[in-house]
Number of protein chains: 2
Amino acid sequence: MEPKENRTTEEAILEAAEAEFIEKGFDQARTVSIAQRAGVTNALLHYYFRTKEQLFDKILDRKIGLIEEVVTSLFADPDLPLKERLTRVISRHFDLLVANPGLPRFLMGEMHRVAPLMKERVLSKMLPALMSLQKEIDMDATHLLLDILSQNMFPFLVGPALELSGVASEGMDTLLEQIKQENITIILKRLGL
Amino acid sequence: MEPKENRTTEEAILEAAEAEFIEKGFDQARTVSIAQRAGVTNALLHYYFRTKEQLFDKILDRKIGLIEEVVTSLFADPDLPLKERLTRVISRHFDLLVANPGLPRFLMGEMHRVAPLMKERVLSKMLPALMSLQKEIDMDATHLLLDILSQNMFPFLVGPALELSGVASEGMDTLLEQIKQENITIILKRLGL
DNA sequence: ATCTTGTTTAACAAACTTGTCAAGGCAAAG
DNA sequence: CTTTGCCTTGACAAGTTTGTTAAACAAGAT
């Protein structure tokens, strides 16, 4: 018999798992809670994904994939002006975070699980881009990249806790856009661009 | 009868708890493990500190206290030149992190527990200093402060994971000093100082 | 010496969580 | 219709972890 076209339940579980894991982190996430969210029993969850960790890894894979996309954008348009390339990287990275506001906190909290995969899949792809970038700037390229990540991620790390200095959700869109532009300006200014 | 002078066991438990909590976070921390580290039984731990959460709160109090110290240094020498004051704040904050390298990761991971206490004890004290600082600079003072925190904390957040770009522990001291000076320069340059 | 108060221990229970199992259901193939 | 293979379920077991309890212990007060 052909594999039945029952992606729905599997997808439902994956979506529920993604929400739960990002919301609560691996430790606080409960498999039964995920199953409930997906509208299935816990046994079914374990039927599709043997263990909690395997389910987690599936989710992690998805998210790392998103970051890979941004990283590969470092290669794109290799003969565009440096200023323009950096602007795009910062912008795309920030947009990624806007679309996944919980991602920074999730990755940071699960760093010990994330690091190996990150090193293997992302850092290796980043290396050539970093090497060529290094030829164009004075400061250490790795350090620059870390600063970009830092500056972009930090609002999302502290934001949920401090409610971004009391700003409600109304002006959120414009505030985020403002922060993004600011981050771009700051990085470019540091390189004298 | 006067309270017996048996601070030793209580302190031992507190120290063990601090190590365990910062090392593993609240969820992964085990009360029995803390008790073992302190060389006592788990029952004794619960005798001194009723619950795991109460013990955690005691530790959190200590750490928040450290941050309070740095924050209050914003008030110190109110008629020192702005440049000098900022330099001191960045420097003291960075030194605090050097002395407590696990603190950023700990605070970030436990943000949901940290945030309320942080808001009440630290942010309130920060407000007057921020108001007066705002009169002296163009950009948003809160944003500036977040950037300072961001820039200082990030190396400690990603450091343990990436091994700080492969740098071993030998050159660590000088590397940290280098990063600190860099952070100071970057912030000052942004303000045109 | 005995009482009292704070300390310490071993054993225990209660709750929670992950993961398994045996059995039934359902839809297409034969 | 029956077989076959995936899907689904309820009940359950096994392990962990927090927190309690009753009883013993040490030492100063009376």
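Every chain is numbered from 1, with letters handed out A, B, ... down the list of sequences.
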#### Entry: Pairs flagged by side-chain hydrogen bond (donor to acceptor under 3.5 Å, both in side chains) wherever residues 36-45 of chain A is involved - sequence neighbours left out
A:E20-A:R37, A:E23-A:R37
### Summary
For B:D27, the salt bridge (charged side-chain N to carboxylate O under 4.0 Å, His left out) test, sequence neighbours excluded, returns none
### Query
Partners of A:E120 by salt bridge (charged side-chain N to carboxylate O under 4.0 Å, His left out), sequence neighbours excluded?
none
Protein-nucleotide distance ([X], atom [atom1]; [N], atom [atom2]), rounded to Å:
X: B:I13; N: C:dT7; atom1: CD1; atom2: P; result: 11 Å
X: B:L45; N: C:dA10; atom1: CG; atom2: C1'; result: 16 Å
X: B:L55; N: D:dT17; atom1: CG; atom2: P; result: 17 Å
X: B:L44; N: D:dT20; atom1: CG; atom2: C1'; result: 14 Å
X: B:Y47; N: C:dA10; atom1: OH; atom2: P; result: 17 Å

### Task
Can you sort out which residues in residues 16-24 of chain A have a heavy atom within less than 4.0 Å of DNA chain D? Ascending by number, please.
none
### Query
If you look only at pairs with a residue in residues 126-138 of chain B, which of them pass as a salt bridge (Lys or Arg N to Asp or Glu O under 4.0 Å), with sequence neighbours excluded?
B:R85-B:E136
Partners passing side-chain hydrogen bond (donor to acceptor under 3.5 Å, both in side chains) against [X] (at least two apart in sequence or in another chain):
X: B:E18; result: B:R62, B:K63
X: A:R190; result: A:D147
X: B:H46; result: none

### Task
Could you tell me whether the phosphate oxygens of D:dT8, OP1 or OP2, come under 4.0 Å of any side-chain nitrogen or oxygen in A:Y48?
yes
### Task
Indicate whether OP1 or OP2 belonging to D:dT8 is found under 4.0 Å from a side-chain N or O atom of A:T41.
no
### Candidate nucleotides D:dC7, C:dT8, C:dC21, ranked by approach to the side chain of A:A43 - the nearest
C:dC21
### Within 45° cone and under 6.0 Å: B:K52 NZ/CZ vs B:F26 ring
yes
### Query
Should the pair B:R113 and B:F56 be classed as cation-pi, given the thresholds of under 6.0 Å to the six-membered ring centre and 45° from the axis?
yes
Could you pull out the protein-nucleic contacts involving nucleotides 16-19 of chain C (nitrogen or oxygen on both sides, under 3.5 Å)?
residue : atom : partner : partner atom : Å
C:dT17  : OP1  : A:R30   : NE           : 3.0
C:dT17  : O5'  : A:R30   : NE           : 3.3
C:dT18  : OP1  : A:A29   : O            : 3.3
C:dT18  : OP1  : A:T31   : N            : 3.4
C:dT18  : OP1  : A:K52   : NZ           : 3.3
C:dT18  : OP2  : A:T31   : N            : 3.3
C:dT18  : OP2  : A:T31   : OG1          : 2.8
C:dG19  : OP2  : A:K52   : N            : 2.8
C:dG19  : O6   : A:N42   : ND2          : 3.2

